[in-house]
Protein chains: 2
Amino acid sequence: MRFHSPSIQYFHAVRRTGSIRAAARLLNVASSAVSRQILKLEQEVGSPLFERNARGLTLTTVGEMLARHVMNVLQDLDRFRSDVASLSGAWHGTVSIACIESLTESVLPDLIASHRTRARRVSFTAEVMGSSDVLEALRRGEADIGIAIALRHPPDLRQVALKRFRLGALVAREHPLARRKTVTLEQCLAFPVIQALPELSIYHLLQPLIAQLSETPEPAIQANSIDLMRELAARGVGVAFQTQLGVGRLSRDAQLVFLPLDNAGSPVWSDLGIYVRAERTLPAFTESFLQELVRELGERERRENAAYPHVA
Amino acid sequence: MRFHSPSIQYFHAVRRTGSIRAAARLLNVASSAVSRQILKLEQEVGSPLFERNARGLTLTTVGEMLARHVMNVLQDLDRFRSDVASLSGAWHGTVSIACIESLTESVLPDLIASHRTRARRVSFTAEVMGSSDVLEALRRGEADIGIAIALRHPPDLRQVALKRFRLGALVAREHPLARRKTVTLEQCLAFPVIQALPELSIYHLLQPLIAQLSETPEPAIQANSIDLMRELAARGVGVAFQTQLGVGRLSRDAQLVFLPLDNAGSPVWSDLGIYVRAERTLPAFTESFLQELVRELGERERRENAAYPHVA
DNA sequence: TATAGCCGTTGCCGAAATGGCAGCAATATG
DNA sequence: CATATTGCTGCCATTTCGGCAACGGCTATA
């Protein structure tokens, strides 16, 4: 079912690989064939699509415009294919997800597992990365659904939902703070803290608040892995910071205690956004999973904010 | 700049014309070429796209799915083309509008004229039809922007804006009712009325209200043209009904008087919707005109509802 | 500075696709 | 029954596409 001209597909491969020969290998054709299609395309458009650097090819402005069109075409082709397939009862395809690390502990595995029991022929690809990389992966068409800290998103992405979760401190059960209901930042900084490196969005959430304080935190441990920070906190190394989403089951085993942050009487929010490409209609099975994801995150938002109500 | 396979374009032409030979004439190719491309396409998809009736071709369910995809592709190609063109400063293209008759008297000509003074290389195609036909024309990709009475719109259309205008009676200056500020339906029905035929949406707005009354209106004139009804009212033949949008300048020349309807103390609203295809990004010049249209209609809505304030 | 490796492009040739022409059977219209 | 129109199919020319080998340009490494 490949009824689009080779130029389109070749262009798409060249854009992704950044090289004609690499694209040719990917497509199992001769590099000359790819080269000629690109040249023909540039002649039709009337403007070069790539800048030829010695190291490979980079999109020009017009090239980026065409890339957007080609992505719209190919993604809509995917949707068409799945529409036809679902007509004969066969729901199958691949949902590709790009998300930040907080989701990997519980939300995503739970959801995927539960979805797979109902729709066994829908497979998944999940990739963990930073928030801005999530948006970039969506723009480049490398993922269908993105979950990231809600930054200002570019206009070619659509924010399907926005859920806010409380940021909190994570300490071992034996930690002196563990008996409190909530903690303030100052209280945490009296102990060794496990700080997030700037690659993690937690850093950007906490840094402005820390800067407001007079004291500087005692230097302890810096890490760029939510998982590592959590495990460190469980071993009593120090106080870690994250949303309860990233904690999940472990805290229910009572190894860890989650203490919502209380910053001068008001909670510290971490806004989680769910994104898809704006210029796109999702295949039915992808749309279906997206709905479940939104529902589940909404459910967690409700539950967790009910567990730790804050003064209004 | 035609880098999409012929199959796509041929399929599109066949769908529109409903005949292979007609499509071939349209495309200036032999009918055999078209026939073969369709057959090849059906083989690739693995399912017939058309039902062959003796008189021509009709889309199957799978065919309709493909038609949606092809429309998305070709319309997005248009957008890409205009994006490239606007890069070199040349803003040009055609905005295609499907709307109901109420717009032709003043809103649309004013807007188009004013837009043309600023962007002379943007041309327009406007077609007047019934509300449901407007939606159908959009779905079939025969128009970019649609303005119609706000019915329940199918999910593949997007309602860009919704503006409500008061329905009113239209009478000549010498008419006994002309001195009132507002009128009730009963008051109008005491005189000869110019009724809308069911093809006009005014019919469907008024009929339920008339049905509630005990008396049946005096049979007078029935018409299916807003323009005709207006001219008849101006000649004192009877009372016509429409929104003030359809009256415009003529009423300012004081030949006609517009009297907002007052149905048991509350106004009778006519909801006007602006629609575009949902799965589509508009070219920049189309988007620009769309914004002006929304702004202008919003302006009129504000002005006219301020001129005839109703009891809240 | 020489060399090896990778890059995109080009000439040549065979293979595949596309299009045009004429004619086919089937169906509707008169 | 005759005529016209429909979509489809051989046959053939033209165009497009892909593979192979080679060329010149560039980078990195020895």
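Numbered from 1 within each chain, the chains take letters A, B, ... in sequence-line order. Everything numeric here is computed off the predicted structure, so don't read it as measured data.
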> Do the charged groups of B/Arg280 and B/Asp76 touch, with an N to O distance under 4.0 Å?
Replying inline: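 Judged by the 4.0 Å cut-off on N to carboxylate O distance, B/Arg280 and B/Asp76 do not form a salt bridge.
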Would you kindly give the [atom1]-to-[atom2] distance between [X] and [N], to the nearest whole Å?
X	N	atom1	atom2	value
A/Asn53	D/dC26	CG	P	12 Å
A/Arg25	C/dG8	CZ	P	9 Å
B/Ile38	C/dA17	CD1	P	17 Å
A/Leu27	D/dG19	CG	P	10 Å
A/Gln43	D/dC17	CD	P	12 Å
B/Arg2	C/dG19	CZ	C1'	13 Å
A/Leu49	C/dG8	CG	P	15 Å
B/Phe50	D/dT6	CZ	P	15 Å

Residue [X], side-chain atoms from C-beta onward, closest of [options]:
X	options	result
A/Leu39	D/dT9, C/dT10, D/dT6	C/dT10
A/Ile20	D/dC8, C/dC7, C/dT9	C/dT9
B/Ala54	D/dC8, D/dT6, C/dA28	C/dA28
B/Ser19	D/dC26, D/dG18, D/dG7	D/dG7

Can you say whether a donor on the side chain of [X] sits under 3.5 Å from an acceptor on the base of [N], or the other way round?
X	N	answer
A/Arg36	D/dG19	yes
A/Ser31	C/dC7	no
A/Ser32	D/dC20	yes

> Has A/Arg52 got a side-chain N or O lying under 4.0 Å from the OP1 or OP2 atom of C/dT9?
Replying inline: yes
> Is B/Gln37 near enough to C/dA17 that one of its side-chain N or O atoms lies under 4.0 angstrom from OP1 or OP2?
Replying inline: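 False: B/Gln37 side-chain N/O out of range (4.0 Å or more) of C/dA17 OP1/OP2.
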Identify whether any heavy atom of [X] sits under 4.0 Å from a base atom; if not, whether one sits that close to sugar-phosphate; answer base, sugar-phosphate or nothing.
X	value
A/Leu57	sugar-phosphate
B/Tyr10	sugar-phosphate
B/Arg21	base

Note, [X] side chain near [Y] side chain (heavy atom, < 4.5 Å):
X	Y	answer
B/Phe11	B/Gln9	no
B/Leu290	B/Val95	no
A/Asp83	A/Arg79	yes

>> Five pairs per end, C1' atoms only: what is the angle between the end axes of the helix from C/dT1-D/dA30 to C/dG30-D/dC1, to 10 degrees?
In response: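 Taking the rotation axis at each end, their angle is 30°.
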>> Between A/Asp156 and A/Arg139, does the salt bridge (Lys or Arg N to Asp or Glu O under 4.0 Å) criterion hold? Intermediate values first, please.
In response: CA-CA 7 Å; A/Asp156 49 354; A/Arg139 298 188 62 183; 3.1 Å; yes
> Is the side chain of A/Ser82 donor-acceptor paired with the backbone N or O of A/Phe285 at a distance under 3.5 Å, no angle test?
Replying inline: no
> Which of these passes side-chain contact (heavy atoms from CB on, under 4.5 Å) with B/Ile97: B/Asp144, B/Ile147, B/Thr125, B/Thr286?
Replying inline: B/Ile147
> Side chains of A/Asn53 and A/Thr58: donor-acceptor distance under 3.5 Å anywhere?
Replying inline: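 Side-chain D/A pair, A/Asn53 to A/Thr58: present.
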